[in-house]
Amino acid sequence: MARYNFKENERKWQEIWEDRGCFQVSEDKDRPKYYVLEMFPYPSGRIHMGHVRNYTLGDVVARFKKAMGFNVLHPMGWDAFGLPAENAAIENKVPPAEWTRENIATMRRQLKTMGLSYDWTRELATCEPGYYRHEQKMFLDFLKNDLVYRKESWVNWDPVENTVLANEQVIDGRGWRSGALVEKRQLSQWFLKITDYAQELLEGIDQLGRWPDRVRLMQENWIGRSEGAHVHFTLDGRDDKLEIYTTRPDTLFGASFCAVAANHPLAQELAAGNSALTDFIAECNRMGTSEAAIETAEKKGFDTGLRAVHPFIDGRTLPVYVANFVLMDYGSGAIFGCPAHDQRDLDFARKYDLPVLPVVAPKGADAASVMIEDEAFTDDGLLINSDFLDGLGVAEAKSRVIDRLEDMGIGTRAVNYRLRDWGVSRQRYWGCPIPIIHCGDCGIVPVPEQDLPVELPAEVDFSGAGNPLDKHPTWKHVDCPKCGKPATRETDTFDTFFESSWYFARFCAPQSEQPLDRAAVDYWLPVDQYIGGIEHAVLHLLYSRFFTRALKKCGYLSVEEPFAGLLTQGMVCHQTFKDADGKWLFPSQVALDGNDAKHVETGAPVVAGRSEKMSKSKKNVVDPEAIIDAYGADTARLFMLSDSPPDRDLEWTDAGVDGAWRYLNRLWRLVTENTAPIAAVDMAKPDTIGSAAEDVLKAVHKTIDGVSQDLEKFHFNKAVARIRELTNAVEGLKETGPDAEWVRRQGLEALTLMVAPMTPHLAEALWHELGHDGSLVADTAWPTADAAYLVDDTVTVAV
RNA sequence: GCGGGCGUGGUGAAAUUGGUAAACACAAGGGACUUAAAAUCCCUCGGCCUUUCGGCCUUGUCGGUUCAAGUCCGACCGCCCGCACCA
């Protein structure tokens, strides 16, 4: 029985696409553009199934849109800076650049076997000076446009590795690699003013109609807008005031203390002559930031002895504490505590025996009977014990009290955001050098544009701790561009999220001498459809949204939102296996027989565990290259699309792969075994069509209609199901005669064109078998459904 | 704690705005072909009752709205995800 030769065909059609430059594009004002982009990979070494899923999804969209007549930009590149390259350098003594470039070569070769419709002429790697020099220029522009500043800030410091760690790299209060307890340290860092755009970024979310609600909500929460008031408390016996931030100014009459953060200037000042307070502040700074540490940490405070004067109650003063639960970088780093209506304040008040006065009563409750025990009352209610606020609801009381504070000149309405400015300095070698020179006389001096790029030195020493750039014998020593005296380069590099914040724009004109080619970005941006993992829901996707606005401010482009549509794909999962000693086993080491799992070689019993995201550590991985080798790219692609919707997790099973492979062969046989009698490409439509054939013809057009809609909505699994149904229908058409043959041909051509976005190599082979010698499916328009065949003769009505 | 999502056969799933639940597959069982196997093809495949015809039940649980509920509303149970001392 004829089998589809995937090896020969996949190679053949990939070469033809490449030779003809099928997927190379340029700006074309006469055609609608469509920019589809998958999140570019970090070149870790080899592609994994997550990549296969991501790029398959993108390729289906790209090929479908191309067939629909769009001018499709579909590029690929490499997010090439990052920590693993440095680890490899330390472990294997390979320079990061070399390691990275080798990985890129391997992964490019692997990706090319997938038959993806990329315009490879646009490929870029962020670790190349040709890319990051533009990033350095952008940073200088950000500096000019007041989007960057340098400040001392508290960072996660790993004392063993001598470097800053990102929050994500701190796991349960310890360095993710060294396991050392992470300390808080103050360090001079570069920051991008993302908070300037907090409101814009928040409002922009509403425009992102083609983003998943989940991601929009996560960004909204991350930005974390809150409305409240700043209140200035007079400090008894001092001239300065204590500014606090509150979202509950309505509860001011229930205030029983004030508290400031350990790093609040007031605390620092008072600690100068007070060793007990100094010790307390140190203790606060040592406190872990992990979830567990925060959950179990007791609310602790240190009475400074200062007393704050209550703004409304004559003669009432409030003790001012330094407290471990007050954060310096939110609001003003100081609060007033109203124990009756805030749980933390209540815990604190119970510990230090402070008054608990209820000022909000549940609606309908008798004011005199309101008692606070262990739980603060935080719901809406009516104000009590609050002078001019008594009887008001919470919302109205807030407004009324702020009006009064403003009249008195001691408070203002205020909006606060949880979002912090983006610290971009990293004490790392394998990143983009920050183009700054530190001069003893001139201070901070930007590297002049004509001196860009500041290139990373190739020869570096990775032995010992700390940043190799800092230890390099010559690299950092330069003359000050301003005064000419000996000075030093900034040895920090950018956070690697910097590169991924603008690569989508660089793809529009990757060879341009300018960072961005204005005509190209104006034509292609925004990205019409972006596809990637949900893990970037906040960081990368928020940074990119900010970056785009910053680039607009600097005159580089005119859009504000980089990604008009977003599809977040689910994870690729696989069952896990362990041997009797509890060691993880690769699926390829396990033989399954029903529910019985055994080791392939030893026959020893194997414990089958739950299905989880494929990960190297649990060994539940299947190598894409092995699958492509054994079944071909089309099989892998079809399987990825068949059973699960793209945003849901996908369970990788051998049986499912077999099923996809069987389908390809079925379609191959259906076409090749039918081509002889229906080979004429220009066969004319017969005048009469028998009823069996007509049913199939209707199915053809209904399928075209349904699949088109499914692909438009990314319901790939449904599209596959429809295509299989039509395959069954065409296969079931046993009639002969010109009408049946004509309909059969309609069916086979439609099937060929409709499977093309999913299994493009097979589609080209089928197209060729059907007699289309001169044309490629890749250049052929999507079939159109004839409305005449979409209506049923009978309609079923349920009563 | 706060916010969000999900729950349908043995499995992945489908069911357009409320309108024949389980399409399309996977797995399983049976059969055909074969010396045998692979491949392929055919049949069965949510549960209960029934020889057949057919009947009754079934979308986590309980209740509600409706001529009609997997879908809408309320409560509960379970699982998953995000954020978290944010004043």
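Keep in mind that the numbers below use all heavy atoms, side chains included, and drop hydrogens, waters and symmetry copies.
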In whole angstrom, give the distance that lies between atom [atom1] of [X] and atom [atom2] of [N].
| X | N | atom1 | atom2 | answer |
| --- | --- | --- | --- | --- |
| Q343(A) | C85(B) | CD | P | 16 Å |
| D649(A) | A13(B) | CG | C1' | 14 Å |
| F336(A) | C86(B) | CZ | P | 15 Å |
| Q575(A) | G12(B) | CD | P | 13 Å |
| E612(A) | C80(B) | CD | P | 11 Å |
| Y417(A) | C83(B) | OH | C1' | 19 Å |
| I534(A) | C80(B) | CD1 | C1' | 13 Å |
| D347(A) | A87(B) | CG | C1' | 14 Å |

According to the Watson-Crick and G-U wobble definitions, with both distances under 3.5 Å, which nucleotide is paired to [N]?
| N | answer |
| --- | --- |
| G1(B) | C83(B) |
| A39(B) | none |
| A25(B) | U11(B) |
| C56(B) | G47(B) |
| G78(B) | C6(B) |

Would you say a side-chain N or O of [X] is under 4.0 Å from OP1 or OP2 of [N]?
| X | N | answer |
| --- | --- | --- |
| K713(A) | U16(B) | no |
| R214(A) | C6(B) | no |
| R648(A) | A14(B) | yes |
| N717(A) | A14(B) | yes |
| R669(A) | A39(B) | no |

Using the [atom1] atom in both, what is the distance from [N] to [M], to the nearest Å?
| N | M | atom1 | answer |
| --- | --- | --- | --- |
| G10(B) | A23(B) | P | 14 Å |
| A13(B) | C6(B) | P | 14 Å |
| A25(B) | C73(B) | P | 34 Å |
| U59(B) | U11(B) | P | 16 Å |
| C57(B) | C24(B) | C1' | 26 Å |
| C26(B) | C79(B) | P | 33 Å |
| A22(B) | G1(B) | P | 41 Å |
| A27(B) | U20(B) | C1' | 27 Å |

Does T247(A) have any side chain to side chain contact (heavy atoms under 4.5 Å, CB included) partners at least two apart in sequence or in another chain, and if so, which?
S226(A), Y245(A)
Among residues at least two apart in sequence or on other chains, which ones pass side chain to side chain contact (heavy atoms under 4.5 Å, CB included) with A765(A)?
Y4(A), N9(A), W13(A), W668(A)
Any side-chain heavy-atom pair from Y663(A) and T727(A) closer than 4.5 angstrom?
yes
State the [atom1]-[atom2] distance between [X] and [Y], to the nearest 0.5 angstrom.
| X | Y | atom1 | atom2 | answer |
| --- | --- | --- | --- | --- |
| C338(A) | R248(A) | SG | CZ | 7.5 Å |
| Y789(A) | H701(A) | OH | NE2 | 6.0 Å |
| M328(A) | C284(A) | CE | SG | 13.5 Å |
| K300(A) | Y352(A) | NZ | OH | 7.5 Å |

Measure from the side-chain heavy atoms of [X] and tell me the nearest of [options].
| X | options | result |
| --- | --- | --- |
| K718(A) | A39(B), A15(B), C86(B) | A15(B) |
| N221(A) | G3(B), A39(B), A87(B) | G3(B) |
| R344(A) | C86(B), G12(B), C83(B) | C86(B) |
| M218(A) | G4(B), A87(B), G82(B) | G82(B) |

Could you go through R225(A) and E227(A), starting from their C-alpha distance and side-chain angles, then the distance that decides it, and tell me whether this counts as salt bridge (Lys or Arg N to Asp or Glu O under 4.0 Å)?
CA-CA 7 Å; R225(A) 182 189 155 102; E227(A) 291 177 26; 2.9 Å; yes
Per-nt protein contacts along nucleotides 24-29 of chain B (heavy atom under 4.0 Å; B base, S backbone sugar-phosphate only, - none) come out as SSSS--
When we call it a touch if two heavy atoms are under 4.0 Å apart, what does [X] touch: a base, just sugar-phosphate, or nothing?
| X | value |
| --- | --- |
| T247(A) | sugar-phosphate |
| L327(A) | base |
| R420(A) | base |
| V538(A) | nothing |

Please classify G29(B) as syn or anti, treating any glycosidic angle within 90° of 0 as syn.
anti
Derivation and outcome, ring pair (Phe, Tyr, Trp, His ring centres under 6.0 Å), residues F336(A) and F257(A)
CA-CA 6 Å; F336(A) 83 81; F257(A) 66 96; 8.7 Å; no
Test applied, ring pair (Phe, Tyr, Trp, His ring centres under 6.0 Å); reference residue, F639(A); option that passes from F716(A), W661(A), W652(A):
W652(A)
